[in-house]
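Some notes on the structure that comes next.
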Protein chains: 4
Amino acid sequence: MAKDRSDDKFNKILNAAIHIIARKGFHNTKVKDIADKAGVASGTVYNYFSNKEDILISIMIIKLNEYVTKAKNAIEEIDDPKEKLKILIHHHFEAMQTNPELALVLQFELRQPTKDIRDKIRKYLREYFKFIEEIIKDGVEKGVFAKDLNVYFAREMFFGTLDEIVSTWVYTKKDWLLTDQTDTICGMLIKAYS
Amino acid sequence: MAKDRSDDKFNKILNAAIHIIARKGFHNTKVKDIADKAGVASGTVYNYFSNKEDILISIMIIKLNEYVTKAKNAIEEIDDPKEKLKILIHHHFEAMQTNPELALVLQFELRQPTKDIRDKIRKYLREYFKFIEEIIKDGVEKGVFAKDLNVYFAREMFFGTLDEIVSTWVYTKKDWLLTDQTDTICGMLIKAYS
Amino acid sequence: MAKDRSDDKFNKILNAAIHIIARKGFHNTKVKDIADKAGVASGTVYNYFSNKEDILISIMIIKLNEYVTKAKNAIEEIDDPKEKLKILIHHHFEAMQTNPELALVLQFELRQPTKDIRDKIRKYLREYFKFIEEIIKDGVEKGVFAKDLNVYFAREMFFGTLDEIVSTWVYTKKDWLLTDQTDTICGMLIKAYS
Amino acid sequence: MAKDRSDDKFNKILNAAIHIIARKGFHNTKVKDIADKAGVASGTVYNYFSNKEDILISIMIIKLNEYVTKAKNAIEEIDDPKEKLKILIHHHFEAMQTNPELALVLQFELRQPTKDIRDKIRKYLREYFKFIEEIIKDGVEKGVFAKDLNVYFAREMFFGTLDEIVSTWVYTKKDWLLTDQTDTICGMLIKAYS
DNA sequence: AATGAATGAGAGTTCATTCAT
DNA sequence: GATGAATGAACTCTCATTCAT
């Protein structure tokens, strides 16, 4: 991981990487491309990231972390599990919609590489998964969702559905807004859980 | 694509590729590895596939096609849309469960590569998507599913959910059977569509 | 080590390497330089040698082996230990004199690199050392050399002296012949051993 | 060469370099390694040495100079050429024995590098060579050594023998003392010269 | 059709050196 | 003098692909 993030250059390189990787794909992105876009020498990249893969992983870790933190804050004071789900979906969609380049990297480029990368990424996703599961569990306990709802599969449905929708959206560069569909998707999920 | 499939070598190479790619990942798989496993010279691979990527795409096309054909046959004479969904889920799970190596390649290796590959693969997936959508549409028309159900998103939920479940299953090498969950998953989906 | 020496290309590359390394030094020699001189593509070098270092080590192993074999043959039928020494010195000098480029590589480039290389080379030199020691020991046993002669140090003196002379000769590109000094050097050594 | 030796840092860096280079070899030694060991910033190294090679050369020059000065002093008041040789051998062995790290650098690392380095080092070695030759010449003139002794080759034998012995000793990390062999070696050399 | 030796383009990474502070 | 972040040139090795046999 990055040696030092306090430095502005870390973020310059990270954002340059998102931009380039979104356009060219990870395997077609040269470290020099990223360095050029970030306005640094290619050697400088290695002062902040240990190698090319580390850049990709860092994007995931940092952006996912930012997102999960925001989502948690937004839900903190909500009580109704259905409302929580809705807000979570909204945030998920909005985060992707606001930064389609990041979305593209997260939805496609991060799915690929080596098993090594996949493992590291899964580790960070698990955090998000746990968060979703807690909301669903809360709903079950509060009697809002079916008593016999399988929380594990409910979460897989939640994430799988959102992920597929975002993937297609990013892939086809749809001109509609993800966030406009929050209610539709939320409605289907809640019915599934009831 | 392959020049000639009548030859047995085509399938030998294809299956060798699935085996090796599942173990090493596409980017770590050398054409020579596949050739060795298939018992042919590496040059011979190029008599059947135009390049390394073509092998990957061929896996998708051929296996997906095999699968969709089988699934269509299985559903042909069923009338009840709910039953159709259930059979489809069962087939999806069973196909993956029966050949976990293929599943691994389809779920992970095929998600990655270049945009080029992604485009070609999407094209073939669309066939499967259309098939799912037809079943759902049929259900709506027959009044089994909600009149105002958004078929597009319903299909995304269907595929997204199954895909996520299979991915996690493959990834974590779970010791339970996917097919044992057919009813659970089918139940949630049908509720979502109602 | 080389995969296959039966091929003519192995020797082409080996000799090209001696030529280039003698002129530029190992660290300034690029694999492509060697490949170009040998008239092959740079990738071809790696069909015969596992890496750049392997070329250097192979030079040592093959040439030293050639030399030791020749020297052993030349001495085989000689009885007089003094005469043996003389012939050995003559052969050592002649081998170096005949191929000054090889001499340069052996005397300088092979002394340097990593400890790893040094270890491998020592291993092969030991064969030569043993050979020298046997001759000296034979002389002691035959009463030609001093009864209390320390064979180990006598051998070090033998090799050290020849090595230093050849090194300086190669280094200064002297215009005299090493072989003209065989008698002088042999005389000093025999006196030392008496 | 060094800009300024009055500073203690010069020696700190020099000794750190001997330590690191002895362990890792010149080519595997990073300037930063040396700087770290010396407790300075890597940029500071360049206030005392013009570049990495200069450190290596400086080790040679300074340590060889120290050695030659000491050896000259020790011999100054001796008259007997044989005794002089003995003392010289003793000093040579002792110097190496006392600082095996330095010995390792002098015996191996300094043999390698570029021709450029080799040239500079030879220049400083020549001083030592001249010194040895003078002793031998003195012996010839005093009738202690053979009238027709070739001083040049006698010196090569002297240095070559000592050098080989030290090299093997350093290389094999022998547990015996070099200085214990002074008489043995001196005896052989004197016989050779007689 | 089959072979496999030969090809050579291609890029990640290191690290000696610089220089603004 | 001291620092250490930034620089960017340099190079080995891999491996998909070709093609003469």
Side-chain angles (χ1 to χ4, degrees), chain A residues 3-4 7-10 13 27-36 38-55, chain B residues 3-4 7 9-10 13 27-36 38-55, chain C residues 3-4 7-10 13 27-36 38-55, chain D residues 3-4 6-10 13 27-36 38-55:
Chain A
K3 281 184 190 170
D4 176 8
D7 197 306
D8 184 47
K9 259 169 200 156
F10 178 86
I13 295 169
H27 279 102
N28 290 317
T29 295
K30 285 158 216 86
V31 172
K32 198 176 179 308
D33 293 340
I34 298 173
D36 286 351
V40 299
S42 59
T44 302
V45 171
Y46 290 84
N47 288 339
Y48 295 89
F49 300 87
S50 51
N51 53 42
K52 197 185 160 192
E53 275 192 2
D54 186 34
I55 302 174
Chain B
K3 283 181 190 170
D4 177 8
D7 197 307
K9 264 175 195 155
F10 178 86
I13 295 169
H27 279 101
N28 289 318
T29 295
K30 285 146 208 113
V31 172
K32 196 176 179 310
D33 292 341
I34 297 173
D36 286 351
V40 299
S42 57
T44 303
V45 171
Y46 290 85
N47 287 336
Y48 297 89
F49 299 88
S50 52
N51 53 41
K52 195 185 161 190
E53 277 194 0
D54 185 34
I55 303 175
Chain C
K3 282 181 189 172
D4 177 7
D7 196 307
D8 184 46
K9 260 171 198 154
F10 178 86
I13 295 169
H27 280 101
N28 289 318
T29 295
K30 285 157 216 87
V31 172
K32 197 175 179 309
D33 293 340
I34 297 173
D36 286 352
V40 299
S42 58
T44 303
V45 171
Y46 291 85
N47 287 340
Y48 295 90
F49 300 88
S50 51
N51 54 41
K52 197 185 157 191
E53 275 193 1
D54 185 34
I55 303 175
Chain D
K3 281 182 190 170
D4 177 6
S6 66
D7 196 307
D8 183 46
K9 264 173 193 155
F10 178 86
I13 296 169
H27 279 102
N28 289 317
T29 295
K30 285 148 207 112
V31 171
K32 198 176 178 310
D33 292 341
I34 297 173
D36 286 351
V40 299
S42 57
T44 304
V45 171
Y46 290 84
N47 287 336
Y48 296 90
F49 299 88
S50 50
N51 53 43
K52 196 186 163 191
E53 278 192 358
D54 185 33
I55 303 175

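Order of the sequence lines sets the chain letters (A, B, ...), proteins ahead of strands, with each chain counted from 1.
Proximity of D:K32 to the phosphate of E:dT17: no side-chain N or O atom is located under 4.0 Å from OP1 or OP2. One finds a side-chain N or O of C:T44 lying less than 4.0 angstrom from the OP1 or OP2 phosphate oxygen of E:dT7. The side chain of C:Y48 contributes no N or O atom lying less than 4.0 Å from OP1 or OP2 of E:dA5. Contact between the side-chain N/O atoms of B:K9 and the OP1/OP2 oxygens of E:dA2 is found at a separation under 4.0 Å.
Taking atom CD1 of residue B:I34 and atom P of nucleotide F:dT17, one finds them 11 Å apart after rounding to whole Å. Here E:dT17 presents its P atom at 8 Å from CD of D:E53, a figure rounded to the nearest Å. The CG atom of C:D33 sits 9 Å away from the P atom of F:dC11 (whole-angstrom rounding). Note: CG (A:N51) to P (E:dA11) measures 17 Å, nearest angstrom. Rounded to an integer number of Å, the gap from B:D36 CG to E:dT3 P is 11 Å. Put simply, NZ on D:K52 is 11 Å from C1' on E:dT14, counting in whole angstrom units. Residue A:H27 contributes atom NE2, which lies 22 Å from atom P of E:dA9 at whole-angstrom precision. To the nearest angstrom, P of F:dG1 lies 13 Å from CZ of D:F10.
Residues meeting the side-chain hydrogen bond (donor to acceptor under 3.5 Å, both in side chains) test with D:N28, sequence neighbours left out: none. A search for side-chain hydrogen bond (donor to acceptor under 3.5 Å, both in side chains) contacts involving C:K30 returns nothing, not counting sequence neighbours. When the side-chain hydrogen bond (donor to acceptor under 3.5 Å, both in side chains) test is applied to C:N51, no partner is found at least two apart in sequence or on another chain.
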Quiz prompt | Dot-bracket notation for DNA chain F, counting Watson-Crick and G-U pairs under 3.5 Å, with | for partners on another strand | solution = .||||||||||||||||||||

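Here B:V40 lies in heavy-atom contact (under 4.0 Å) with sugar-phosphate atoms only.
Each of A:G39 and D:V45 was assigned the nucleotide of DNA chain F with the nearest heavy atom; the assignment lying further toward the 5' end belongs to D:V45. In terms of position on DNA chain F, the residue among C:N28 and B:N28 whose nearest nucleotide sits closer to the 5' end is C:N28. Comparing D:T29 and B:S42, the nucleotide of DNA chain E nearest to each residue sits closer to the 5' end for B:S42. Across the interface with DNA chain E, nearest-nucleotide mapping of A:V31 and D:K30 shows A:V31 to be the residue nearer the 5′ end.
B:A35 approaches B:S42 most closely through the heavy-atom pair CB-CA, 3.6 Å. The heavy-atom pair separating B:I13 from B:I34 by the smallest distance is O-CG2, 3.7 Å. Across all their heavy atoms, A:T29 and A:K52 have their closest contact at O-NZ, 2.9 Å.
You'll find the side chain of B:I55 reaches within 4.5 Å of the side chain of B:V45, heavy atoms only.
Using a distance-only test at 3.5 Å, with no hydrogens or angles considered, a donor-acceptor pair links the side chain of B:D54 to the main chain of B:S50.
For D:N47, whose side chain is taken as the heavy atoms from C-beta onward, the closest listed nucleotide among F:dT3, F:dC11, F:dT7 is F:dT3.
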What protein N or O atoms touch nucleotides 19-21 of chain E N or O atoms at under 3.5 angstrom, if any, and at what distances?
none

